[in-house]
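Here is the structure we will look at, set down as structure tokens.
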Amino acid sequence: SHELRSPLARLQLILDLAQRSAAPAEAAPYFQQAEQEIARLDRMLGEMLALSRMEGGLPGMEREPIELTALVHDCLERFRFDADARHVELWVTSVDSVVVSGNAMLLDRALGNLLANAIKFSPEGSKVGLTLRTDQGFAELFVRDHGPGVPENELALLFRPFFRGSNASHAEGHGLGLSIVQRVVRAHGGSIEVRNAAGGGLEVRLRLPLA
């Protein structure tokens with residue numbers, strides 16, 4: 001509900017502004033923004049349906065081989081603009097080829113949520129790092145920031161929907177990002193862990209079975 005209401009509210013405002021425009025040329029940019037919000041809603045609904053089908057083992061959710069290395073690099077490039085705006089450096093260390101089985105759209109959403117969180121909580125001039133490797137039949141992905149970290153007594157609560165840690169009180173969001181990541185990872189037969197890293201910051205580790 002929270003995830004869907006945000007673009008719906010923006011869409012309502014955009015269309016209201018378009019209606020108040022004095023000329024078609026003035027209204028045109030609003031309609032372009034409206035198209036973008038509709039496309040975003042469509043993607044979100046598709047992701048929700050895909051996740052529900054995968055969790056329930058229902059027909060219509062075919063798994064396919066996914067080159068995780070390429071997906072990680074593509075997602076990283078997509079978030080460079082956000083990182084540059086906050087003067088945060090992104091870096092990645094990965095093996096040449098890691099193939100898992102699942103849904104690329106959902107895995108991209110999960111990785112995007114982790115990157116968005118890491119960038120959001122990173123101070124200016126710091127780094128966010130991704131490390132992709134293989135270990136005993138699993139792909140391991142580490143996302144590490146150098147932000148404030150999380151109090152130890154709150155680590156186990158981070159995956160609860162709508163939970164917002166004491167360090168996140170002034171940050172935007174509804175506390176859904178990590179819970180969505182956890183559901184996606186579990187639907188792919190994997191696991192997720194989070195811990196405070198040595199030297200400060202938070203480290204999230206994903207483990208996904210190799211194809």
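Everything numeric in this text was worked out from a predicted model, so none of it was measured.
Using a 4.5 Å heavy-atom cutoff, the side chains of S94 and L130 are not in contact. At least one side-chain heavy atom of R80 sits less than 4.5 Å from a side-chain heavy atom of L90. Under the 4.5 Å side-chain criterion, counting only non-hydrogen atoms from C-beta, R183 is not in contact with L106. Using a 4.5 Å heavy-atom threshold, the side chains of V181 and V185 count as touching.
Heavy-atom minimum distance, L71 versus A104: CD1-O, 3.7 Å. Closest of all the heavy-atom pairs between N196 and L202 is OD1-CD1, 3.6 Å. The heavy-atom pair separating V184 from A110 by the smallest distance is CG1-CB, 4.0 Å. Nearest heavy atoms, V72 versus L141: CG2-CD1, 4.2 Å. Between E67 and V99, the shortest heavy-atom contact is OE1-CG2, 3.8 Å. Smallest separation of non-hydrogen atoms from V143 and A118: CG1-CB, 4.2 Å.
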Please evaluate residues D108 and D74 with respect to the criterion side chain to side chain contact (heavy atoms under 4.5 Å, CB included), reporting the C-alpha separation (whole Å), side-chain torsions for both, the decisive distance (0.1 Å), and the verdict. CA-CA 9 Å; D108 184 73; D74 289 347; 5.9 Å; no

Check the pair K120, D145 against salt bridge (charged side-chain N to carboxylate O under 4.0 Å, His left out), reporting the backbone distance first and the verdict last. CA-CA 10 Å; K120 179 167 62 175; D145 65 46; over 6 Å; no

What's the verdict on side chain to side chain contact (heavy atoms under 4.5 Å, CB included) for N117 and V204, showing C-alpha distance, side-chain angles and the deciding distance? CA-CA 11 Å; N117 269 355; V204 182; over 6 Å; no

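For the 3.5 Å distance criterion, the side chains of T134 and E140 fail to qualify, holding no donor opposite an acceptor. Remark: the S122 side chain and the H146 side chain contain no N/O donor-acceptor pair separated by less than 3.5 Å.
From R133, atom CZ reaches atom OG1 of T69 across 14.0 Å, with rounding to the nearest 0.5 Å. One finds the CD1 atom of I66 at 5.0 Å from the CG atom of L107 (value rounded to the nearest 0.5 Å). One finds the OG atom of S101 at 12.0 Å from the CG atom of L68 (value rounded to the nearest 0.5 Å). Rounding to the nearest 0.5 Å places CG of L178 at 12.0 Å from CG of L157. The line from CZ of R205 to OG1 of T131 is 12.5 Å long, rounded to the nearest 0.5 Å. Put simply, CD1 on I119 and CG on D82 are 5.5 Å apart, with the number rounded to the nearest 0.5 Å.
Annotation: side chain to side chain donor-acceptor pair (under 3.5 Å) contacts involving residues 14-29, sequence neighbours excluded, comprise D16-R20.
Counting side-chain heavy-atom gaps under 4.5 Å among Ile, Leu, Val, Met, Phe, Trp and Tyr, F138 is found in no cluster with other residues. As a member of the Ile/Leu/Val/Met/Phe/Trp/Tyr network built from side-chain separations under 4.5 Å, L17 groups with L13, I14, Y30.
Within 6.0 Å of atom CZ in R86, more than 12 heavy atoms from other residues, nucleotides or ligands are found, so the atom counts as buried in its surroundings. Within 6.0 Å of the CD atom in E77, the count of heavy atoms belonging to other residues, nucleotides or ligands exceeds 12.
Ion pairing between a basic and an acidic side chain is recognised when a charged N comes within 4.0 Å of a carboxylate O; E203 and R144 show no such pairing.
Here the options are Q182, R186, R207, the test is side chain to side chain contact (heavy atoms under 4.5 Å, CB included), and the partner is S191; only R207 passes.
Of the possible polar contacts, none joining the H188 side chain to the P209 backbone as a donor-acceptor pair under 3.5 Å is found.
Under the 4.5 Å side-chain heavy-atom criterion for ILVMFWY residues, no single connected hydrophobic cluster contains both V98 and W91. Linking ILVMFWY residues whenever their side-chain heavy atoms come closer than 4.5 Å, directly or via other members, leaves F142 and V92 in distinct clusters.
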